[in-house]
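What follows is one structure encoded as C-alpha cells, with my remarks underneath.
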There are 2 protein chains.
Amino acid sequence: MAYTPSGKTREKIYDFVRERILSGIPPTTRDVQRAFGFRAVQSARQHLEKLVSEGKLAKVDGRSRGYRLPEFGKARPPQLIAMLGRVQAGELTEAMEDPPEYIMVQTRFDDDELFALAVEGESMLHAGILPGDIVIVRRQATASPGDIVVALVGDEATVKRYRERDGRVELHPENEAFSPIIPREDGAPFSLLGKVIEVRRSVE
Amino acid sequence: MAYTPSGKTREKIYDFVRERILSGIPPTTRDVQRAFGFRAVQSARQHLEKLVSEGKLAKVDGRSRGYRLPEFGKARPPQLIAMLGRVQAGELTEAMEDPPEYIMVQTRFDDDELFALAVEGESMLHAGILPGDIVIVRRQATASPGDIVVALVGDEATVKRYRERDGRVELHPENEAFSPIIPREDGAPFSLLGKVIEVRRSVE
DNA sequence: CCATAAAACAGACATTTGTCTGTTATGTCA
DNA sequence: TGACATAACAGACAAATGTCTGTTTTATGG
C-alpha cells in the first residue's frame, strides 16, 4: 500500500473497525489487512494496536476478533425484544407479520421480561403517546399510582395511567374524549400486563 | 456433561449464543463447549449446526465466531450516535458529560449525518414531544413543510414544526402558550440543523 | 424390550488468526 | 540535508478456532 501521511490511514482504519463492530462482528487483523490492501499483517496490526493505546479502541488480547468499542464497555449491552401484536385469548402473542419484528433497546432489565407494542388509540395523547408510537413494556403484575401501564381489558390491550381510588384500581386515559376504566365495576375482565418504560416514535 | 432430553440443552445453547451476539461478540465453538461443560468440541458444534439448520441461527462458514442472528441479516445494523448538548458559538457541541453519551439507533441514514438531542422546552407538547425527550435528528439544511426540525435560533437550539407562508420560513410550536418564530422578520440569526426522525422517552 | 434417534465423547487435522522479529521505505521537522 | 519517527513489508511461529471421522451412552416411541 502507498505510504500515507501520519495518522491518515489510521483514521480510516478506525472508521472501518467501528463500522464492522457496530454491524455485529469485529474484524480480524487480516480483515483489516485485506480491506486496506496491506501486504503485511503487521501493518494492520500496528495501526490497530496504536488505536488501542490511544484509547480509541479496546481489546481482548489473544482472542480472535478481540477489538471492541470502548463505549460498549460502560454502556449496557443492546437487547433485541419482540414486537407483540394482536390479542388472542387473553394473551398478547407475537405479531403475525412474516419477518418477526424486533426492536433494539438498552435497559437494566432482562430482555425476557420486556416486550414492545404499537399503540393504537389516542387515549394517551396528553401524555405524549400518539397512535403508532412504540411502547417498550416491562412485564409486571402490579404497578404504582402514576405509572403508565399496559392492561388487558376484555380482549384489548390498552395503554393507560394507573391510579388507585379508595383502594380500587382505575385506569385513566390522558384525553378528555375518553373515560377512565374502572375494573370490577363494569365487570370487564382485567389484567395488568406491564409497565411502560420507554416510548418511541418514528417520524420519517 | 449429563445427557439431557431432546432439544433441552439446545434451547439453552441458543439463549447463550443469542445473548453473546447481542453483547457484541459471537462465541466460538469452544466458548460454547466450556460454557456447557462438554468434554468434546463436537458436542457444542452439533448443537450449533442443528440450530443453523433449524434457521434459529445464521452462520458464516469457516470464519471464527461465525454465528449470527438471522434477524440481523435483514434488519438494519445498529448505529451508535452521539448525544449533543449545550449550544456554543452557533454550533452544537458534544455534551460535556464525562462519559460521552451514545444512543443506539437503527435507520437507513449514515450515522455521521445523525445526532441526538435532549428536548428542553414544552413548545412541542401537542406534537407529543415532552421536555426530557430525546430526539434523533438527521442533519440537513432544508426541510419540507410539516417536518419537525431542529433549528438554531440565536444561541439556542429549538424543536419546531417547519412551515412556509408566502415563501417565507416559519417555525411553529405546537402549544398555544408559545408563538411562532418568523426568522428575518425579527432579525434573529437562523439556521436549520436538521430534521427530527425519531423521538424517544424514558419513563422509568 | 427393542430399534432408532439424539446426545455426548474422543482424538485428530486444517485453517484462521494473533503475535513476533527484523528490515525497508517514506514522511516530518529542524 | 540529515536525524528521527512513522508507515509499510517479509516471513515465520504459535495459539485459537473450525471441522472431521468414528465411538459410546442415553433418550424416545412403539
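So that the names make sense, note that chain A is the first sequence line, chain B the second, and so on, each numbered from 1. Both backbone and side-chain heavy atoms feed into the values below; hydrogens, waters and symmetry mates do not.
Between A:Thr28 and C:dT16 there is no side-chain polar atom (N or O) within less than 4.0 angstrom of OP1 or OP2. For B:Arg45 and D:dG18, the shortest distance from a side-chain N or O to OP1 or OP2 is not below 4.0 Å. For the OP1/OP2 pair of D:dA15 and a distance below 4.0 Å, the side-chain nitrogens and oxygens of A:Arg63 include no atom meeting the criterion. Of the side-chain N and O atoms in A:Ser64, none sit less than 4.0 angstrom from OP1 or OP2 of C:dG18.
Between A:Arg10 and A:Tyr14, the side chains place no donor N or O within less than 3.5 Å of an acceptor N or O (distance only, hydrogens not considered). For the residue pair A:Glu49/A:His47, the side-chain donor-acceptor check at 3.5 Å is not satisfied.
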Checklist line | Protein proximity profile, nucleotides 5-13 of chain C - base contact B, sugar-phosphate-only contact S, no contact -, cut-off 4.0 Å on heavy atoms | finding: -SBBBB-B-
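The interatomic distance linking A:Arg34 (CZ) with C:dT15 (C1') rounds to 12 Å, in whole Å. In this entry the distance linking CD of A:Glu49 with C1' of D:dA7 reads 16 Å, nearest Å. A straight line from CG of A:Leu48 to P of C:dT19 spans 10 Å, rounded to a whole angstrom. At whole-Å resolution of the value, CD in A:Gln33 and P in C:dT16 are 13 Å apart. Atom NZ in A:Lys12 sits about 10 Å away from atom P in D:dA8, given to the nearest Å. Residue B:Ile25 contributes atom CD1, which lies 12 Å from atom P of D:dT17 at whole-angstrom precision.
The environment of CZ in A:Arg165 is sparse: at most 12 heavy-atom neighbours from other residues, nucleotides or ligands sit within 6.0 Å.
When heavy atoms are screened at a 4.0 angstrom cut-off, A:Arg65 is found touching the sugar-phosphate backbone but no base atom.
For B:Glu113 and B:Arg138, the salt-bridge test passes: some basic side-chain N is under 4.0 Å from an acidic carboxylate O.
The shortest heavy-atom contact between A:Tyr67 and A:Ile21 is O-CD1, 3.4 Å. Taking both residues in full, the closest heavy atoms of A:Phe16 and A:Pro27 are given as CE2-CB, 4.1 Å, listed atom of the first, atom of the second, then distance.
Side-chain proximity of B:Asp61 to D:dT19, C:dT19, D:dG18: nearest is D:dT19.
No option in B:Val105, B:Thr107, B:Asp112, B:Val137 other than B:Val105 meets the side chain to side chain contact (heavy atoms under 4.5 Å, CB included) test with B:Ile81.
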